[in-house]
Q: 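Got a structure for you, questions after.
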There are 2 protein chains.
Amino acid sequence: MKSKQEEIIDIAAGLFHEYGFKGTTLQMIAQKMNMEAPSLYNHINSKDQILSEILLPVAKAFMTKMDQISSSQVSALDKLERLISFHVSLSREKPHHMALMIHDWHYLKEKEKEAFIAHRNTYEDKFVAIIQRSVENGQIRDLDVCIILFNLLTTLRSMYAFVLRYKDYNTIDLEENIKNVLLNGIKKDSHGLGTSMG
Amino acid sequence: MKSKQEEIIDIAAGLFHEYGFKGTTLQMIAQKMNMEAPSLYNHINSKDQILSEILLPVAKAFMTKMDQISSSQVSALDKLERLISFHVSLSREKPHHMALMIHDWHYLKEKEKEAFIAHRNTYEDKFVAIIQRSVENGQIRDLDVCIILFNLLTTLRSMYAFVLRYKDYNTIDLEENIKNVLLNGIKKDSHGLGTSMG
DNA sequence: GTCTATAATGAGATAGAC
DNA sequence: GTCTATCTCATTATAGAC
């Protein structure tokens with residue numbers, strides 16, 4: 001059973017995604033909640049708070065998962081695969097939240113925005129470290145790390161759009177197909193350069 | 001020599017990208033133009049018009065280029081490479097315009113929005129056709145076309161962010177590195193499955 | 001073509017009855 | 001907890017002097 005605040009937040013996420021944070025009014029949210037706009041204030045403190053409640057928990061979820069993966073003993077390539085899986089799951093569970101992570105974080109208030117950016121930078125740094133490690137141990141090709149990070153992250157960050165467009169796409173297939181496209185582009189032994197050629 | 005309208009449009013593009021269309025006020029634009037907000041109306045008709053003047057010409061440029069490439073006699077894979085090059089050039093020339101193509105097209109007025117969406121759909125359809133053709137002629141692997149389109153387009157559409165972040169990155173290197181990452185992931189003979197193996 | 005002054009509108013938020 | 005009425009403020013846009 002969802003609290004009314006959680007209901008508001010989920011409905012707001014969908015509207016923010018469709019119309020943008022500034023393009024969504026409290027009236028629009030209230031209408032979907034079957035109440036008048038001022039009644040929302042019995043459950044929330046401000047419109048800004050709604051955005052924070054959408055974005056910060058997701059940002060924290062990313063950090064928690066990244067720390068878990070990053071500190072584990074599996075190979076760097078396994079870590080990349082687990083990160084891909086995580087992005088796919090989250091995108092399926094909360095596609096609108098994920099969309100807002102890209103499109104509307106800028107509207108966070110100063111303090112929350114700083115926290116959000118700090119989280120995101122840390123996340124990227126750890127992501128880069130894993131890429132670098134997997135280049136060093138020969139699991140992926142020695143390409144420019146910026147380019148690899150860019151290709152991986154932009155694809156993963158846009159996943160919400162894919163799952164919304166192809167709602168019936170099997171989750172496991174999606175995960176495997178994305179891994180295939182992304183990793184076979186950077187895995188050394190996919191390029192006729194691996195030891196299996198000898 | 002840029003007309004004052006063009007100046008306004010370019011300045012607005014940068015601000016719209018940084019603060020969002022709704023998050024940017026005419027005052028902010030006017031300030032960067034060293035004038036008062038009402039003076040802008042000597043050069044533009046409305047705030048909405050500025051957005052249209054940013055997005056619609058770019059949308060048309062994409063269509064023109066796509067038609068040119070699509071109707072040419074080069075191989076399907078060559079067509080994909082040319083599309084990648086085009087995305088990279090445009091992203092370098094007008095990164096803010098490109099960002100708005102993704103983030104703020106929703107704020108177009110009804111008529112312009114419809115035109116924009118129609119353009120984009122046609123563009124995607126033609127993109128898919130080229131991917132399909134290059135699967136048929138054996139130039140790229142027989143993966144799910146949706147996934148290939150998704151991976152290519154999201155990476156290309158996010159390119160603006162890369163060029164803004166790494167301003168000194170050599171354009172030719174960027175183009176080649178992106179092609180390498182994207183295409184070697186989908187080219188059949190990169191995966192030990194090509195005829196060169198026999 | 002630019003300015004100041006000023007509409008006209010719409011949004012977030014509060015007060016207070018029920 | 002929900003409502004109606006209202007406040008306050010920002011923003012787009014116009015009017016009219018210079």
Side-chain angles (χ1 to χ4, degrees), chain A residues 1-56 96 100 103-113 116, chain B residues 1-56 96 100 103-113 116:
Chain A
M1 186 61 192
K2 268 194 291 194
S3 76
K4 226 153 205 178
Q5 193 191 73
E6 289 169 313
E7 245 182 280
I8 291 171
I9 287 169
D10 284 345
I11 281 178
L15 289 168
F16 289 171
H17 179 201
E18 186 167 0
Y19 301 105
F21 177 70
K22 293 257 188 185
T24 304
T25 66
L26 292 178
Q27 262 201 25
M28 293 160 77
I29 298 171
Q31 193 177 0
K32 283 222 178 190
M33 290 292 295
N34 295 311
M35 41 169 76
E36 298 303 311
S39 302
L40 293 172
Y41 285 87
N42 289 306
H43 310 284
I44 56 154
N45 298 320
S46 68
K47 189 186 177 190
D48 293 322
Q49 188 211 357
I50 300 178
L51 188 62
S52 308
E53 301 266 15
I54 292 170
L55 295 183
L56 294 187
H96 301 302
L100 296 171
H103 289 79
D104 288 83
W105 60 268
H106 186 279
Y107 295 116
L108 287 169
K109 288 283 162 191
E110 205 51 46
K111 233 180 149 59
E112 282 88 3
K113 198 195 312 196
F116 182 85
Chain B
M1 186 59 194
K2 269 195 287 193
S3 76
K4 227 155 204 176
Q5 192 190 73
E6 288 169 314
E7 243 182 281
I8 290 171
I9 287 170
D10 284 345
I11 281 178
L15 289 168
F16 289 170
H17 180 201
E18 186 166 0
Y19 300 105
F21 176 69
K22 293 257 188 185
T24 304
T25 66
L26 293 177
Q27 262 200 25
M28 292 159 78
I29 299 170
Q31 192 178 1
K32 282 220 177 192
M33 290 291 295
N34 295 313
M35 41 170 74
E36 297 304 311
S39 303
L40 293 171
Y41 285 88
N42 289 306
H43 310 283
I44 56 156
N45 299 320
S46 68
K47 190 186 175 187
D48 293 323
Q49 188 211 358
I50 300 178
L51 187 62
S52 308
E53 302 266 14
I54 291 169
L55 295 184
L56 294 186
H96 301 302
L100 296 172
H103 289 80
D104 288 297
W105 60 270
H106 185 277
Y107 295 117
L108 287 169
K109 286 284 164 193
E110 206 50 47
K111 233 180 149 58
E112 282 87 4
K113 199 196 312 196
F116 182 86

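The chains referred to below are lettered A, B, ... by the order of the sequence lines, with proteins before strands, and numbering in each begins at 1.
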Q: For A:Phe21 and C:dA11, what is the distance between atoms CZ and P respectively, to the nearest whole Å?
A: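 Rounding to the nearest Å, CZ of A:Phe21 and P of C:dA11 are 13 Å apart.
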Q: Using whole Å, what does the distance between atom P of nucleotide D:dT12 and atom NZ of B:Lys109 come to?
A: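 Between P of D:dT12 and NZ of B:Lys109: 12 Å.
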Q: Could you tell me if the side chain of B:Met35 sits less than 4.5 Å from the side chain of B:Lys4, heavy atoms only?
A: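 The answer is yes, as the side chains (C-beta and beyond) meet within the 4.5 Å cut-off.
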Q: Take atom CD1 of B:Ile44 and atom C1' of D:dA13, then tell me their distance rounded to the nearest Å.
A: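 Rounded to whole Å, this separation is 10 Å.
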Q: Output the rounded distance in Å from OH (B:Tyr41) to P (C:dA7).
A: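 It works out to 17 Å between those atoms.
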Q: What nucleotide, of C:dA11, D:dA13, D:dT2, holds the atom closest to the side chain of A:Thr25?
A: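 The answer is C:dA11, which lies nearest to the side chain.
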Q: Provide, to the nearest angstrom, the distance between the CD atom belonging to B:Glu36 and the C1' atom belonging to C:dT6.
A: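 Spelled out: CD on B:Glu36 to C1' on C:dT6 is 15 Å.
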Q: State, with a plain yes or no, whether a side-chain heavy atom of A:Gln5 is found less than 4.5 Å away from one of A:Glu53.
A: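 Result yes, sub-4.5 Å side-chain heavy-atom pair found.
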Q: Taking atom C1' of C:dA11 as reference, at what distance in whole Å does atom CG of A:Asp48 sit?
A: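 Roughly 12 Å, once rounded to whole Å.
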Q: With a 3.5 Å distance limit and no angle check, can you tell me whether B:Lys47 reaches the backbone of B:Thr24 through a side-chain donor-acceptor pair?
A: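 Flag set: sc B:Lys47 to bb B:Thr24 pair under 3.5 Å.
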Q: Picking from C:dA13, D:dT2, C:dT2, which would you name as closest to the side chain of B:Lys4?
A: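 The listed nucleotide nearest to B:Lys4's side chain is C:dT2.
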Q: Looking only at the side chain of A:Ser39 (C-beta and beyond, no hydrogens), which of the listed nucleotides D:dA13, D:dC3, C:dT2 gets closest?
A: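 Side chain of A:Ser39 sits closest to D:dC3.
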Q: Taking only the side-chain heavy atoms of B:Pro38 (C-beta and beyond), determine which of C:dA15, C:dT4, D:dT12 contains the nearest atom.
A: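 Among C:dA15, C:dT4, D:dT12, the one nearest the side chain of B:Pro38 is C:dT4.
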Q: To the nearest Å, how far apart are B:Ile8 CD1 and C:dG1 P?
A: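 It works out to 10 Å between those atoms.
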Q: Run the ring pair (Phe, Tyr, Trp, His ring centres under 6.0 Å) test on B:Tyr19 and A:His106 for me, step by step, so that the C-alpha distance in whole Å, both residues' side-chain angles and the decisive distance to 0.1 Å come before the verdict.
A: CA-CA 7 Å; B:Tyr19 300 105; A:His106 186 279; 5.4 Å; yes
Q: For B:Tyr19 and D:dA10, what is the distance between atoms OH and P respectively, to the nearest whole Å?
A: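 Value for this atom pair: 17 Å.
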